[in-house]
Structure formats: C-alpha cells, structure tokens
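The structure appears below as structure tokens.
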Amino acid sequence: MCCAIFGAGRPERDINPVNSANGEMQKLPTLKDPNRELRIFQVRVWVAIGVMVILIFTVIGRLAYLQIIQYGHFTTLSRDNRLKVVPIPPTRGLIYSRDGKILAENRPSFSLEMVPERVHDVASALVDITNLLHLEDSEVERIADEWKRARGFDSVVIKTGLDERQVALFSVNRHRFPGFSIEARLSRYYPRKEQMAHVIGYVGRVNEDEQNVMDKLAYRGVTHIGKVGVEKAREDTLRGIAGYKQIEVNASGRILRVATLSPPVPGHDIYLTLDADLQELATDALGDNKGAIVAIDPGTGEVLVFVSKPSFNPNLFVDGLSKAVYSKLRESSDRPLFNRALQAQYPPGSTIKPMVALAGLEHDVRQAHDEIFCQGWLTLEGADHRYRDWLKRGHGQIDLKRSLAESCDVYYYALARDLGITRLHKSLSKFGLGRATGIDLPGETEGLLPSAEWKRRTRTLPWYPGETLITGIGQGFMLVSPLQLANATAALANRGFRFVPHVVGQIEDPMTKVATEIGIHEGPEVEVEKKSNWEPVIQGMVEVVHGSRGTARGSGVGAAFRFAGKTGTAQLLGIAQDETHNIDDLPKHLRDHAIFIAFAPVEKPEIAVAVVVENGESGSRTAAPIARSILDQYLMNATIVADDNG
Amino acid sequence: MDSRSSLLVRLHIDPQLLSGALILCGLGLVVLYSAGDQSMDVMVRQTIRMCIGIVTMILVAQISPARLARWAPFLYVFGILLLFAVFLFGTGRSANRWLHLGIVQFQPSEIMKIAVPVTVAWFLFDKVLPPNLRTIIVSMLLVLVPGFLIIQQPDLGTALLVMAAGLFTLFFAGISWRWIFSAAGVGLIIAPLGWFLLHDYQRQRVLTLFDPQRDPLGSGYHIIQATIAVGSGGISGKGWLRGTQSHLEFLPERATDFIFAVYCEEFGFIGVIVMLAAYAMVLARSLRIALSAQDSFGRLLAASLTMTLFIYVFVNMGMVTGQLPVVGIPLPLVSYGGTSLVTILAGLGILMSIHTHKRFIVYS
C-alpha cells in the first residue's frame, strides 16, 4: 500500500514519453493532483467492494433459497424429470382397393437428422453434408429455416427418404458428423402413383396453419397429416392414437429403461370401393387425353372408377417437394393437380337428353310415340334465329326413342320450349344436377343447373326463351362435374333409385380384424308418376349403342351384354349463325369435349359410367369406346368369377 | 522454496492470482468431466485450452504496463477492424460472432473485452482526474463504437460486458456521481424505448425471466431446468457424476453457459461456497493489486478488469439461478470453451504485470 502511494507520486509522463496532452494542459484550470486522484480512486474501490459484496450475497441468498429452503420442492421436480414422456406415433391405416390391392402403405425409410446442440459448428457441418449428399438449394434453404426455429436439443430433419447408397455414404463419413444420425421411420408410399392420386390424395408435413387448428393431443409425435382426397377426408380414421412411453435416458440420449408403456393404437385400414384393375384400365384407356372417368355401382352408390387425367405422383408430396417442382405442377397448362372428376365443370351436352325426355313424359308434354318433324332447325315464334340440329338436313319424322338414338337436337329444342325452364329445372334437379352429390371426398363442386330465378339472382337479367331451348340439349349455362354425370346416369340405370356415391367401402381395425361396412345411403329418389315412363327413355339409350342408326352403334358391336348409353358434345366455341367450320382446322385445345354416359346390363344394371374426354371432339368416337372397354372388363370378369363360384 | 519464488518473481507471476485461477480451472475440469458426458476428448481439448491460457497469461505478464499503454491504441484499432471483418465475413449460427482464421476460429469481440478498458485507461491516465466533459465524451466514444458493432452481430450480452469494462474505467477515474446518477436516470427513461430495439428472442428472454412457466417447452425451458438442477442439489449435492438433470439431458448448454447448474446440482450449496471463495480470492487479490498500483493507468486498468471479472461471475450465476435473463455469458475459467478462457487468463496476466513491474520502474 505504501509502495503504491510512493509510486503514485511519480510523474505520469514517465510511462508515456509522448506528451500529447501538453498543449491542453495549459488550457486546463486545474493541474493533475495525484493525491486527490488516489483518494477518489480508493473511495471508488470501496464503493465497488460494497456493491460486489451486496451482489454476491444476493446470489448466495438466492442459492440458499433454492438449495436449502426449496430443496424438497425441487427434488420432487427433479425426480419427476428423470422420466421423459415420449409419444409413440401411431401407424397410419393402410388403404386398399375393393379387391384388396394396396394403394397406400407405410414403408420404412431412412432420414438423416441433426441435433444442433451436439454439432460443434452447424454452419460448416451443413455445408459439408450438402456436398456429401448433393442436397438441392431448396432443401438447404428449408434446413436452415428449420434450424433457426428449432431449439438446440430438437432434432432437425436434414433429408428424408435416403436411398441405400446415401445411407452407406453417410455411414462411411459418420465420424465427420457428430450430432448427425440416421433414423428409421415409416413413410407413406403410394405404389400406384398417378393412377389413384385424385382419389386417395396424399399426406404431407403438418404445416403451421394446420398446427393452429388441430387437436394437439391427437397429433403427439405425428408429423404428417392428410392433405387431400381420402387421406384428408378420413384423417381421423387413418391416424390412430399416439402411445406413450416413459423412458429414462442417459446423457447421450440412449434409452436406459422403459418405465411404462401405453402402446399406440394403429389407425384403421380402409377398403375403397374402387376396383384397382378397372381403374388401371380406365386410366390407360384415356391415353394421353385430358379428361375424367367416373363409374358407379348403381345398386349401392359405390364408386368403381375415379380417374382424372393428367394426374401427379402423390409420393412427391409426402416429404415436401421443392419449390421448382411444385410450381411446375401448379403452373402446367394441363393442370395435373386439378381433380377433374370431382371439380371440373363441363356442359353435359346431349347426355342430358334422356333426362329431358323423361321430364317430357312425366309432365305429359310428350308421349313416347309422339312424332315431330325435324327439318334441321327450329325457330321460336316471332323470332328468326334458327336453332340448328347437328344434322343439317334434319332427322325428318322422329319419335322419342329415335330422338335419343340419333340425338336429334330439334326434338329437344321443341320439348324444352314446351316444358319451359321451370319444369325443366325441377325435373333435372331430381337427378342431383346443380347440387353436390355428397361423395366422401373433400372439395366437390356443385355444378350449375340454371333457372329463371337463378339468372335473376346472380346476373340480374331476365330469362330468355332461347336459353330454355339450348338448356334442353345440355348447352348454355348448365354445368356438371363428371361425378354428377355418373351419379345421374346411375339414377337412370336404377329407374330412379339414387344412392349417395362413396369411395370408402369398409373400415377394418388392424388389431381385431373387425371390419365395419360403411352404410349405403339412399339419395332422394327420382319420383315418377308412371313407372312405365322409364322404359322408352332407356330403350332410346339402348338404341344409341345397339340400334342401326344409333350415334354410338360402333361401340355396341359385339357386346356380350345389352347396355344403354348416350353420346354428348360439350361445345367450347359458339358457332355463329349459318357458320360452318372444319374440325380439323381447329387447334386441339379449342375442340369440343367428347362425353359419353352408359350403364349395363340394361335390365339389372351393375355399373354406370360417365366419360369426359377433353377436346375429344366426338362422344361416339372417343368417349364411347372407353366406356365400352370399362363395361367389358367389369361385367365379363364379374361373370367369369361368378361362373367359377357356381 | 526460495528458488521457486524467485522463479515466480522472474516470470512476473503473482502466486495468489495463479493459484486462485488454477483452483477455478481445476473445479472447471472436474465439473466438465461430468457435464461433458465423461468425454476424454472434451477433457483433453479443455486442458489444452487451459494450457494455452496459462501460457498466454504468463506471456502477458511479461509486458510492462508502459508497453501495454503504448500498444493500447493499436490493439483497439486492430479489434475494431476485426469486428468489421466479422460484420462482413463472419460465420456462426444466426448470430455472426466468429471469425475463421485457418484452423483457429475466435470471436473478435473477446479481444475488445481487454482492449476497451486498456484503451480507456491509456486515454485517461494523463488527463486531469476526475475527468472533465471533453474527456468523458471521448471515453464514451471509445466505449460505444465497439459496443455498437458487437450489438450488430447481434450479441447483446457481450456488448454490454465490453461497454461495462470501459465504463468501469471511467467510474474508477472518478467521474462525478452527478454524471453517474443522471446517466442512470436517462437510462431508466430510455429503457422502454430500448425494448423496441431488442430482437424478438431477446424480448422473449426478458419476459420468460419474469415468468418461465409461460413457455415451459420454449424459451422458459432453460430457466426452469436450470432452477430444478440448482434446487435439487440441496446442501451437499447429488454427488459427482450423479446429477440427473444434466445426465438425463434435461439441461441444455450444460457444458458451457449452464455449467454452474451442473456444479450446483452435483456439489450442492457447500460446493457453491467453495467456488465463491475461490472467486473471492482472485477478486480480493486483484483489488489489492489495483489499490497498490503505482500509476493511474495500472490502477484504473486493474480495478476495471477486476470489476469485469466479477460481473461475469455475477451475471452467469444470476442467469443460471433465474435472477437475470439468459444472455449467453460463460462462467469465467469454468465453462467449456476456449476464447473466454484465454481472455480471462490474459486479463489476470495484465494484473500480474501491473503488480510485478513497478519495482523495475522504481529501480530503472
């Protein structure tokens, strides 16, 4: 101490010979006073010592409080802490076709994960692993994002679905990556890829929006959720219930002991009503065309075929697809993500005629044998606009059956005119047009069945008589989805009985193997005054394929069963008065959509089908043969099976 | 005995500071063996760092205060340049603090923990003390420039410590109480404004400090688990290698910032008193060195370094026991990690130099 006082007396300059402050010194009113400086310093040191002592005693006080007074409380907490409760994710239910073929399964897959806390330098480790496994930029972006949000001890998924080569590559280099590990998990896989995508949909990682609304307890340990299709509609059936294990873990995260265990309850398996073979055949039959095919068992409402083309590979969505791939899918002009069978809206064209015919009979506006004369066009009274028939020279004298077989437009212009839009609307709505069918798939559209009231409400415009005429041949405002069309066809086949279409047939508990049938739900029947009114309509549809002048007679040739059908064309271009155009000159995407509806066998129908081929031009040439091949496959194979059993 | 003490004298080593530091390092290794999952790799690495730190301390002790004062401005400018370099090429998780130099990587902000008090002391020692307004303003600039750069990284904890080291120097230089209290008053008024400048995660830390339960699996997790670890240690602790909180992985950052929680859990209140006594030994010796320093440069520097060391200990322990926000400050000489260890030991080297060089000045 005394040494310091002596030392302090020495001039400060000794230390720094560069006397920078000399000039300033003269301006300063006071000179350096070493003794005063030392005194001030000593006071300050004692103040500091006082503060330190106070602060140290607050720490000691706090520690005494925690370790002595609250010891019992924290010991309890600590003992409870020894056991971690870890959720065991349930196994998601499988999805089968009606014939037992697997459509959605869980495959073991390897994923590379990282616990940031155990990685010495995450940034450079990520660079190394990116180079090792050739990760895409978008993946690196996602990892960086997750890493930022994760707590140090949460594992971050680097890459899922590693193939054997990548697993081997990582294993060899494992020593370079402490904190990284390969985990085996189950990952959803859709073996039929594009073929079933629009029915089954897919699962994907739970996103933030879903996290905010979901029942967090039900999703403990669950990383994926159904996003569309059956996977979404039947999410609760498929998911199962998470189990819990209470585990004691050691410092390296290794499980020392499983204390208690409540096993997870696996999700229930689903058997769809879809026939996998028939679906495959229908998919192939559409070829490279865009379009949709829906086939329904009229006796139950079970959906047998549900095709929407083009499709997409649902496996891409399971572990998240890169932005580039996703925007390519989204922005493709073919719209592969669009579920045409469920959501597309097409004018039904002439396929509406059997239903209009029935309306005519029911309202006594026509008798089956009544004939009208078709000269190739019709004009409304007091107007000179000619509503043209597709056959320029006209069909001549024509009755109801022939009007269906030959698809005479003038017959239906006249019938629609005589019925009026109100009665037409009422009759057609009985077939479920303009209303969702209630199928067990999310996102169905309602279509559009126009009425005067609808037009006033939505467009604030009056209904014009001419619009009634074109509604009679399925053009104008009217829009239907392929599913609605198939559903209406099933009602025709059933002579009025309707069922709610559904794709889920039965649900099976994988533990007990107890299967629960999904009940068949009857829809509102198409009620008729006279049951006999169905027959001329159906006979007309039979004539379409089996009659000598039927529009689709080519598709009826050689059939081992009698079936009924109706061709249709959805016009994309309005054809101006008296204008003719050569179909071959039109670019493909502007050509008309080809439509065909059919059911078989006629007397005891087992299948009703609707086929829409976008830009297929002619219902009889492109759509009808596809429908025929589906009927053939379904009925012929079914017959063979029945014979075997007999 | 004689020859040994003469060797210590020749090497400018202060035996009391050295033994205090070695006790703390030893405690550090003991608890690290437990916290680091008994990994020999971790032990070897930390031992090597300690050796590097001790060698650095001895080397620094050879630099006379006069030479240190001459080097001060260069050290300061060098540190500022490195901070800019980090700004431009730094790496590190979400916060850019690290600079890679070949195989070595370090945080330039650590250099400033030494450079700032040295530079402020160099600036003040030939000024008339207590400092006048102009002196205060220049000193404040010397403090705020690196502070601002480190906040940008963003590393609020280190920035506050670096600035505190500079401000302590001003405090010991005798800046008037009027200034101190008015600055504190202004600080209280500005504090609510500062709230809006904080990063989200920093706000979370302050909020969860007051109520850890509001996010028991999120940012409150550190505080809750650390408090359980400390409290369940009791008076005598659960015993070495038998802390369940740490060994069952409930305690994050248990080898680095939260190593004190592991220590409390395994060695209890008695162990805490032992460790505090070791720190008190180092701090008391440092203050004695400050009081006996022969010029204001050594005085201010020694006192400021002592105070900084104390703040480290206090902030870390306050954080672990849930009294202060989680700011990511290691426990001096005990926490796993090289940069802070070397910095602290270099600071002790400066203290040794201040104490052991005056005789030579007197005789020269």
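Chain A is the first sequence line, chain B the second, and so forth, proteins listed ahead of strands; every chain is numbered from 1.
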Counting only heavy atoms closer than 4.5 Å, note whether [X] contacts chain B via side chain, backbone, both or neither.
X: A:Ile69; answer: neither
X: A:Val43; answer: neither
X: A:Ile40; answer: side chain

[X] versus chain A, heavy atoms under 4.5 Å apart: side chain, backbone, both or neither?
X: B:Ser64; result: neither
X: B:Ile270; result: neither
X: B:Met307; result: both
X: B:Phe310; result: side chain
X: B:Val272; result: side chain
X: B:Phe260; result: side chain
X: B:Ile235; result: both
X: B:Ser304; result: neither

query: Backbone N or O of A:Arg176 within a donor-acceptor pair of the A:Asn173 side chain at under 3.5 Å?
result: no
query: Is a side-chain N or O of A:Glu183 found less than 3.5 angstrom from the main chain of A:Ser111, in a donor-acceptor match?
result: no
[X] charged N/C atom sitting above [Y] aromatic ring, 6.0 Å / 45°:
X: B:Arg67; Y: B:Trp122; result: no
X: B:Lys127; Y: B:Phe125; result: no
X: B:Arg299; Y: A:Phe41; result: yes

query: Do B:Ser34 and B:Glu266 have a side chain donor and acceptor closer than 3.5 Å?
result: yes
task: Kindly indicate, with the supporting measurements, whether the criterion side chain to side chain contact (heavy atoms under 4.5 Å, CB included) is fulfilled by A:Val47 and B:Phe171.
output: CA-CA 10 Å; A:Val47 170; B:Phe171 169 78; 4.0 Å; yes
query: Looking at B:Gly174, B:Ala290, B:Ala284, which makes the most heavy-atom pairs under 4.5 Å with chain A?
result: B:Gly174
task: Using a cut-off of under 4.5 Å on heavy-atom pairs, state which of A:Leu63, A:Val59, A:Val51, A:Asp33 scores highest against chain B.
output: A:Leu63
message: Rounded to the nearest 0.5 Å, what separates atom OH in A:Tyr71 from atom OG in B:Ser236?
response: 6.5 Å
query: Has B:Trp177 got more than 12 heavy atoms of other residues, nucleotides or ligands less than 6.0 Å from its CH2?
result: yes
